[in-house]
Amino acid sequence: MLKLKNLSKFYYSKGIIASGLNRVNLELFPGEFVVITGESGSGKSTLINVISGLDSYEEGEMYIDGKETSHYTVNDFENYRRSYIANIFQSFNLVSSYTVFQNVELVLLVEGRSRKDVKGKIDAIIDKVGLSAYRNTKVSKLSGGQKQRVAIARALAKETPIIVADEPTGNLDSKSALGIVELLKDVSEDHLVIVVTHNYDQFENCATRRIKLSDGRIIEDEVIKPREESKEIEAVKTTPMSWSNKLQLGFRNTFNIIPKFLLLLLVFLFLSGSVIMQYAGIKANNDAFEGWGYNSFFQNNNDRRIVVKHSDNSEMQAEDYEELKKTPHFKSLFKDDIILDLSFSTYTPTDQNENEASQSIYVEAHPAPIEEMPKKLLLGEAPKADDEAVIGVYSMMISKDELKPHIGKIMDITDRSGTKYKVKITGAYFIDKQKNAKDASNVDLSASGKIFLSDSFLSKARTSQINSISRTEVLINGKKYPLMASSTSGGGQFTLYASDSVSEGYVVVPEEVDALYESGSGRWKNLVFSTKNIYFSDSVTLTSVDTYTKNNYKNKLNTDEPFEDVSGRIYINPEDFNTLFLKGNFQSTVYIDDRKNADDSVSWLNKHGYTVVSLAKAKEQFIDTDIMNIITVPLNLLVVVGIFFICYFVIRLILRSRSTYFSTLRLLCLDMKSIKQILDVELIFIINLAYFILIGFIRAVATDLISISYLKPIFEFLKISDYIVLYVIMVILAYIISRKFSKKLFKKSAMSTFREEV
Ligand code: ADP
Ligand code: MG
């Protein structure tokens, strides 16, 4: 069945050609037990490696079942080896981390057999080689003799017609050697057995033929026992390894060496951890910058604030307030949103003596309704009258002792339009010493103070604010004049001012108005006041009853303000003022629990017919995050690439210890593609494991199951889509590592990896 004709093999090394085999002529038949002997270096191994298809030859011809092989490709030889040859080596070439059973099974899985089918067969073979007791023992724990039995069992399982053994007893004591010889003798009944040995005596009893080599030539070829006329033995039929077998082996390899597994897991944890940190870092960064900055339109730029109005600018009703409270992530409601953006300043009245004035306080404060006031105050008590208020300040700005003298005093409050109000401060507290300081509805980052005011006061403030955002005009003697918001006057403009000293329906004008009439007096003339803003428009017609001058204004208007403040004001009754400006509330603020949830809340509000501005989103940014990303993303990527290479080298070091395993697979004739895939399974499995361990950790941190405060803000921003992106990145990284490694592994031929190990 095997025929060598004038076959020669040369070795080239350092320019010198050495002869491995020299014109060998040989014919081998089924049923023979061929023992090859010869001095060391005589070419024994070379001969059987050529016969095994592990090595090539340069001259002559080898026939397999009558077919020439000189044109064979690597692939052809691999197929030949698969169906004809089972090798047994002096150094066993077993997978030492596998059990006896798994080693035998391996060769069958490689041949594409299913695991279930081969179980009985494997047990029978293990029994045959006398290792039943060691079926589930790892090969690393066996003696040399036992290992060689496993190697024989593996060769038998392969069911090939030819078994080639290169010094199978070379590493064994004589007793173990004897057992191996016996086994091979048994086997030879239905195989062509070719054995290389130093020690012919061991095989004397079973050899049917003895071949002696010297210097690459056959110098003796002696048939000891004539072979029986046995039937031609058939080549084994093999199928490509199935995917389930590859998965099977991949999983087995993942766990079978625990320290290797843990080390790889650690490296992949590090790798996926770094990728996630870099990734989450970019995201958290972007978000942090979105969260900073300021908004020039909304002064109170608390990022949990969502400003809400009707899409048609209609008035907010009681039902609206109820509905707004149902907003997802709702925390609190501030109905009169429009005055949230007033900055109130409070300072001690000017009529106090110098000493006390020097201790005056000035606080930028956001107004709030009394019901939101904390129950426990630091000083004083809750307001009782409409013109009383409680202030909230930061303890780092003012001490309790400094605050104390102001309690019970009248303070000036000035709104953004410049209108001044007088309120009595009945109590005070420290915003930052509050129990739920962070939860308090509208404590914001800008360290503004707070002032709690009665509803009637707040609506007065709202009216004034509406006045300031409205386009207000007065029609005097057929001509329209713009009216400025209260005290922003200047340049001879008229301003509209509410005062109790003017009766309803009437108006008191400065003397400049009289000058607009030919008669020089506007008394009893009708003036038409109109107002228009984004929410509404209205007008009132009032009758001019009086004119004031610098000399008489104090009496007529019952005020002691300096004339510069009063000049240009057109005085009307507060009721008329309200008719123009107090039209209910049109804009509210919903505070949510966390800026992260803003999108959610906004879309709900939109769906319910509100137009909204989320301050978390609307802030002008100090730094454009897109520009930030141009710099940081490549930097982060660079770090990831660096980490990737570090990991790759560590993984290669770890996997190098496994090259024996892969060369064993190659000796068992597994094709390169399948070997790569088995490695892929192993690495991708480990990276999955690492990834899911990390995700578990991240979720635990994000949900406070594990409390690591400096990681939480980084992890909080990861969404499901981010996890998916990360997962894809990780799998690709594992795949690249696997590819790079196997490429390296297969640079060398099977034979040379094999030789290195022998
Ligand atoms: P044996 O197995 O009988 O000890 P080998 O077949 O291993 O002998 O070697 C036969 C001859 O070929 C020796 O002279 C050896 O030096 C040479 N040889 C074997 N392998 C190589 C090789 N890879 N490169 C160069 N020379 C080799
Ligand atoms: Mg040898």
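Computed over heavy atoms, backbone and side chain alike; hydrogens, waters and symmetry mates excluded. Each ligand, and each atom within it, is numbered from 1 in the order the structure gives.
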Geometric class of the Phe33/Phe203 ring pair [parallel <30°, tilted 30-60°, perpendicular >60°]: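 Tilted.
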Close approach of Ala18 to ligand 1, heavy atoms, under 4.0 angstrom: no
Geometric cation-pi criterion, Lys740 with Tyr648: 6.0 Å, 45°: yes
Distance under 6.0 Å and angle within 45° of ring axis: Lys9 vs Tyr11: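 Checked: cation-pi criterion met.
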Contact (N/O only, under 3.5 Å) between Gly43 and ligand 1: yes
Ligand 1 N/O within reach of Lys44 N/O, cut-off under 3.5 Å: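 Yes, Lys44 has an N/O under 3.5 Å of an N/O on ligand 1.
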Distance criterion under 2.8 Å: protein N/O/S atoms around the Mg ion (ligand 2): 1
Qualifying residues under side-chain hydrogen bond (donor to acceptor under 3.5 Å, both in side chains), relative to Glu105, sequence neighbours excluded: Arg115, Arg252
Spacing of Cys669 atom SG and Asn87 atom CG [to the nearest 0.5 Å]: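 Going from the SG atom of Cys669 to the CG atom of Asn87 covers 7.5 Å.
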Proximal candidate to atom 23 (N) of ligand 1 [heavy atom criterion; set Tyr11, Tyr12, Phe10]: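 Shortest heavy-atom distance from atom 23 (N) of ligand 1: Tyr11.
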Lys/Arg N to Asp/Glu carboxylate O, Lys246 vs Glu682, below 4.0 Å: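 Result for this pair is no, no salt bridge flagged.
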Phe685-Phe255 aromatic ring centre distance below 6.0 Å: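 Yes, they do, as the ring centres are separated by less than 6.0 Å.
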